Each structure stands twice: as structure tokens, then as C-alpha cells.
Amino acid sequence: MQSSEVASSLKGDLDLNGNDILNVSDITTTTDRASLRTPGSGNGAVEIYDDAAEDWSMRAMEGTDQPGPVKFQSTIEGTTPADSDVPDLRVRGGVKMDDLTVNSWDVVDVTERGIKPGSDDDLGAFIQEHFNRQEPNESVIYYLPDGTYTWNTAVEADEFATLGLVGKPQATVKCTNPEMPYFVRAGVDRPGYADIFIAQDIEFDIQKSNVAASAMIVSVDEYLEMDHCRLVGEIDRIVPPYYSIHPTLLTETGQGFVNIAMPDGSFYDPDLTEQEHPMGLAIERNHQGYLVVENSDISGFINNGIYSAGHSGKVAIRNTSVTNCGAGNIRLGDGDFAYKCAITNTDAEDRGYSYAALWVNKAHQAVADSIRINAQQRTPSELVRVGSDVDHCTLSNITIDSSANQYICDISGNGSDRDLGRIVARNWTIYDSGSAQSNAHLGRITRSNVILENWDVHMDPGSDGKRHGLLVDAPWLDVRGCSFNHTGGGLDLLLDDGADHLRLKDCDFKSGQLYQYSRATTEDAIVADNRFGDGMTLAGDQVNWTTRGPGFE
């Protein structure tokens, strides 16, 4: 839409991606520059930014404070229905706003209400009192100018249209109250009560001893955002609800974004099970929508770093780092996706917890791609665990560097059940230098319908070669285009009782042994088109091999 200096006027409402600027009546062009003006809902005007002129041509003048500019990130479009002279004006894109009242949003600068950073003023108590005066269908955004605020009262907000906490440009809220269970609990566990929750540029500080407040427990219908938020300080005791950050979208159409850091994790008590410790980021149960977890950093939780399971929604975890978390560092459920994530274990034995780097369970369909795992200390768990309750799963472009002397992978299930869905493990690179003294296997496969494709396995356990490769105890395993190199001369691939209908094709065995236990029949196995290096042998009792590749003629 272009403006001119010709006097004219249009009547209509401005639709900001579903939000109306209230009380828009005449929208007129101005005579001094390319802009539109409307009386708005205050005593001033609303103007539109002119990209060509590189200057504001839309400003909110909603009172004597004259709040700052509003910029629309795309053009304004308008149509006039045939039966009306009132145009429908829409902004097709995002909008950045500063203190503009949209759809009755109540924007509250807490410092203007007497809550000052660096003081003992209880921000939580103020927000709770202020929120309690709002109607259930209203929206309120609390702006926190830069600084550190005292927050010693839990905020509980059941019903709202929009609730927001925004740092300007960043704010810290510090709890010194040991009895406070969380900073904010927003929404309830069922839809129809809360629509939108936004938290931006907020650091939640629980560094004082015996303070163990969760940051945000949030359940909303439409939209959830936790952007550039941090929880700092170790959770040093059990305080229900046991979650550190717990986002939930209650409807299938709900969407959300999470970008968080929790660098300090929780305490460890050997007298408690892992599940009795506080959890890191928890997405479970009532979650129905689509949530993106991106550019996050989580460390030191005994009871899962990122727990996403037991829900019917979808979660995408991208460009995220999880370090030294027990149970599952990243745990994926049905419909979940992990991409370009890094998982590290450096202190599992020191702290005494088990450790699954990547754990998939209760999933009809899940995907993990471009995952890097570094494991330096042993735990009783596996680095990649696929539970027997998983149907279909794809694990691709996985790089593992382990000196931890534990299973690289455990793909489990009822080996004889061919009705299970397919597990595809493609493009894995493994560097394993686990102890040769343990006789441990590199991993195990105990379910049918598994494909291992383009694996590059390097095992360097030491001179005695007692650490062995993958144990296969399930039928219908396809091993395609893989490379095995066992510098200790041990067993690269071990075929056990259930390893019938094996397909081993186009693989390189550079050192070590392909081994079949005497109890394994390998019925209808196909071993073809493989390449065997010097010193490579086929060991054990071979029965009913349908085809043998070069070197085994």
C-alpha cells in the first residue's frame, strides 16, 4: 500500500496476525510523509513504518508516556468486500512491538509500579496480586528492565488469554525462599483455560542453599514461548513438582518454542533412585501440540536431561547440548525428532548414575539424525537405547566416540516377533576404545527387522582383544555396506541363537572375526559380496549358510 499527500480516508480494522488494534476508525494518509494515521485507542495515533524511507511511519501514541515504535515485517494488504465500503486491512507477517496495547494487552513495566531491581521488593508477590485483578480473558505482559529482582512468592495463574514475562533486554529473578516450589505455574492440565504464555530473556536464579524452585510449569492451548531463558543454581533438594522446566501444549494445533539453559543440574543422593531426583526439561503426559526445543544447553540432572515421552504430541529437539545427565540425556517418544545434538558423559562413574545418551521408547515413529555422543566414563546403561515398546525408528548420521567400556547400542525386543516395525540405523561412525578386560560387547540386537547400513566401526581395545563387537540374537537383521576394524583381533559380529534370516552383504571386515555360536543355526542366512582383509576369519560352527562371499569359498 502506498501513501500519497492527497487527503483521503479509509475505515477498517488493522489485523496484526489475528490481533486487532482496538477502536480503529478513520485511517487517513498524512500530508507530511508517507504514513497512515488513526486515532487508535489512546490519545495519540498509530503509524506504519515505511521501509522505503527507512523511517518509522507507524508509532503507538497510547498516552502521555508515548511508548515506542511498532514495525510490521511485511506489507499491509487490503480488500473491500463487495457489499461494504470498509476495507479489510491485514499485515501479512510478523510484528515487533514495544508497549503497544493490542487486543487489550496490559503491558506492565514493573519498575513503574515500584518494583525496583536490586531491592527486596518481591516481584512474585506483585505479579500475583496484579494478575489476580485481571479478568480471565485478559492479557498481561510484565516487562522487567535490566537488573536483578527478588522473587520469593510463587505465581499461580490458571486462566488467561496471554501471560508474559519479558526482560528488557535481559533480567534476573532471584529466589531466596526455600519454601517456594516454582517461580510460575501458568495454566491447568486441561484445555480451555489458558491460551498463550511467553517468557523472554529471563534468568531464574536459585543459587542460594536449600532453594530448589522450578522455573516454569506451563500448560497452554495455543502458543508457548520460552526464549533465551536460564535456570542457574543446582537444585539441591526435592521440592515437588520435581520438574525444572515443564512446557505443555494442550491442543493438537498448539505450537511452541523453547530455547533454554540449565547448566547446574541437580544434587545426587545414592539412597534415592534416579527417578526420585528432579528432572530437567520435561515434556510428557498432556502434551498434544508441536514444540521445538532449539539451541538449548542442559547439564547435570540425575533424572533425565530432556524427557520427551508418554505424550501424543510432537517434539523437535535441534542444535542442543546435553551433558552428564542420568537415565536419559535425550529421551524421545512418539513423533519426536532430534537433530544436530551433542551428548557428553564425563562424570557418570564419579556421580554414580546410569546413563543412556539417546533413549527412544514408547514410540510408533521417532527420528534422530546427526547426533554426536562422547562417553568417557562407564555406566550400567547403553549409549543408544531403543526400547522394546518402539515400533518404527530411524537413527541416522550418529557419531560415537567412547572409552566408557559400555554398550554402544541396545536395540531390544522380542526377537521372534516379525510384526514389529523396522528400526533403521544408518550412517554410524563408531570409535570405541573400551577396556579389553571386561569381555563386554560393543552392543546387542535382540529384536527383528533391524537394518544396519553404512556403519564404520573402529574398535581398539588393547592387545588381548577381549572386548567384542555386536551381538545379534534376533532374526531378519540386514547388515549392509558396513566396515568393521577390530585392532585387537577380537570378534566383530557375533551371531547367537536367534540370528536366523541374516543378510550380511557388501561389508568390509578389515580385522577381527565374524563369529557364529554353535547354538546358532543362522537358517536361511545370506552372506554375500563381502570383503575380508588379512587375518579375518569366520569362526564357530557354520550351519545352513545359503551363500558365502569371496574368501569363504
Side-chain angles (χ1 to χ4, degrees), residues 369 384 386 392-400 408-409 411 413 415-416 418 420-432 441-460 465 467-553:
D369 183 75
V384 178
V386 179
H392 297 276
C393 178
T394 299
L395 308 170
S396 56
N397 300 306
I398 310 293
T399 300
I400 300 174
I408 296 296
C409 65
I411 303 176
S416 62
R418 198 178 183 185
L420 286 173
R422 178 164 291 175
I423 306 298
V424 178
R426 179 183 295 122
N427 299 333
W428 286 37
T429 301
I430 299 170
Y431 301 93
D432 180 78
H441 299 116
L442 185 74
R444 61 186 175 187
I445 299 171
T446 59
R447 68 171 282 162
S448 59
N449 296 337
V450 177
I451 296 176
L452 309 184
E453 187 174 21
N454 296 331
W455 281 40
D456 188 6
V457 181
H458 304 263
M459 295 185 65
D460 187 14
R467 179 158 167 83
H468 300 310
L470 291 171
L471 174 67
V472 179
D473 192 10
W476 295 288
L477 171 70
D478 283 3
V479 185
R480 311 169 182 171
C482 296
S483 173
F484 301 92
N485 190 352
H486 195 308
T487 62
L491 309 179
D492 285 318
L493 197 62
L494 297 88
L495 308 179
D496 209 341
D497 191 15
D500 294 335
H501 308 285
L502 172 74
R503 303 293 186 267
L504 178 64
K505 301 186 69 174
D506 195 27
C507 293
D508 288 285
F509 291 84
K510 299 179 180 179
S511 179
Q513 294 180 337
L514 171 63
Y515 185 84
Q516 177 184 333
Y517 287 107
S518 60
R519 58 182 177 269
T521 64
T522 56
E523 179 182 354
D524 295 327
I526 294 178
V527 180
D529 303 321
N530 300 292
R531 295 161 293 278
F532 300 91
D534 294 340
M536 178 67 206
T537 62
L538 176 62
D541 299 323
Q542 291 77 51
V543 180
N544 294 334
W545 292 97
T546 304
T547 307
R548 295 183 183 179
F552 287 159
E553 299 297 335

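Just the heavy atoms: all of them, side chains too, but no hydrogens, waters or symmetry mates, feed the values below. On a predicted model such as this, the values are computed, not experimentally measured, just so you know.
Here the side chains of L395 and R426 are not in contact, with every heavy-atom distance at 4.5 Å or above. A 4.5 Å side-chain heavy-atom check between L494 and Y517 finds at least one atom pair inside the cut-off. Side chains of V479 and K505 form no contact here, defined as non-hydrogen atoms less than 4.5 Å apart. Taking the side chain as every heavy atom from C-beta outward, I526 and L502 never approach each other to under 4.5 Å. Looking only at side-chain heavy atoms (C-beta outward), R467 and L442 come within less than 4.5 Å of each other. Within the 4.5 Å cutoff, the side chain of I451 has heavy atoms near those of the R422 side chain. Between V457 and I408 the shortest side-chain heavy-atom distance does not fall below 4.5 Å.
Once rounded to the nearest 0.5 Å, the distance linking CG of D478 with NE2 of H501 reads 12.0 Å. Atom CH2 of W428 is separated from atom OG of S396 by 10.0 Å, given to the nearest 0.5 angstrom. To the nearest 0.5 Å, atom CD1 of residue I445 and atom CG of residue L471 are 9.0 Å apart. Here the CG atom belonging to D524 is positioned 7.5 Å from the CG atom belonging to D500, to the nearest 0.5 angstrom. If you take OG on S483 and CD1 on I430, they are separated by 11.0 Å, rounding to the nearest 0.5 Å. Of the inter-residue distances, the one linking N397 atom CG with N427 atom CG reads 4.5 Å to the nearest 0.5 angstrom.
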- In sequence, state the C-alpha distance, the side-chain angles, and the governing distance for W455 and L470, and then conclude on side-chain contact (heavy atoms from CB on, under 4.5 Å). CA-CA 12 Å; W455 281 40; L470 291 171; 3.7 Å; yes
- Task: Decide side-chain contact (heavy atoms from CB on, under 4.5 Å) for V450 and L452; before the verdict, give the C-alpha distance in whole Å, the side-chain angles of both, and the deciding distance to 0.1 Å.
- Result: CA-CA 7 Å; V450 177; L452 309 184; 3.9 Å; yes
- Yes or no on salt bridge (Lys or Arg N to Asp or Glu O under 4.0 Å) for D496 and R519, after CA distance, side-chain angles and deciding distance? CA-CA 7 Å; D496 209 341; R519 58 182 177 269; 2.5 Å; yes
- Message: side-chain contact (heavy atoms from CB on, under 4.5 Å), that's the test. Do L493 and L504 meet it? Break it down for me.
- Response: CA-CA 10 Å; L493 197 62; L504 178 64; 4.1 Å; yes
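The closest donor-acceptor contact from the side chain of N530 to the backbone of D506 lies under 3.5 Å. Judged by distance alone, the side chain of S511 and the main-chain N or O of H486 form a donor-acceptor pair under 3.5 Å.
Using a 4.0 Å cut-off between a side-chain N of Lys or Arg and a carboxylate O of Asp or Glu, D492 and K510 do not qualify as a salt bridge.
Scanning both residues, S448 and A474, for their nearest heavy atoms gives N-CB, 3.9 Å. Contact between G498 and D473 at its shortest, heavy atoms only, is N-OD1, 2.7 Å. The two atoms that bring C507 and R480 nearest to each other are SG-C, 4.1 Å, heavy atoms only. The minimum heavy-atom distance between A499 and V472, with the atom names listed, is CB-O, 3.8 Å.
Taking the salt bridge (charged side-chain N to carboxylate O under 4.0 Å, His left out) definition, one finds that D369 meets it with nothing, sequence neighbours left out.
Residues H458 and D456 bring a donor and an acceptor atom of their side chains to less than 3.5 Å of each other. Looking at D460 and T487, their side chains do bring a donor and an acceptor atom within 3.5 Å of each other.
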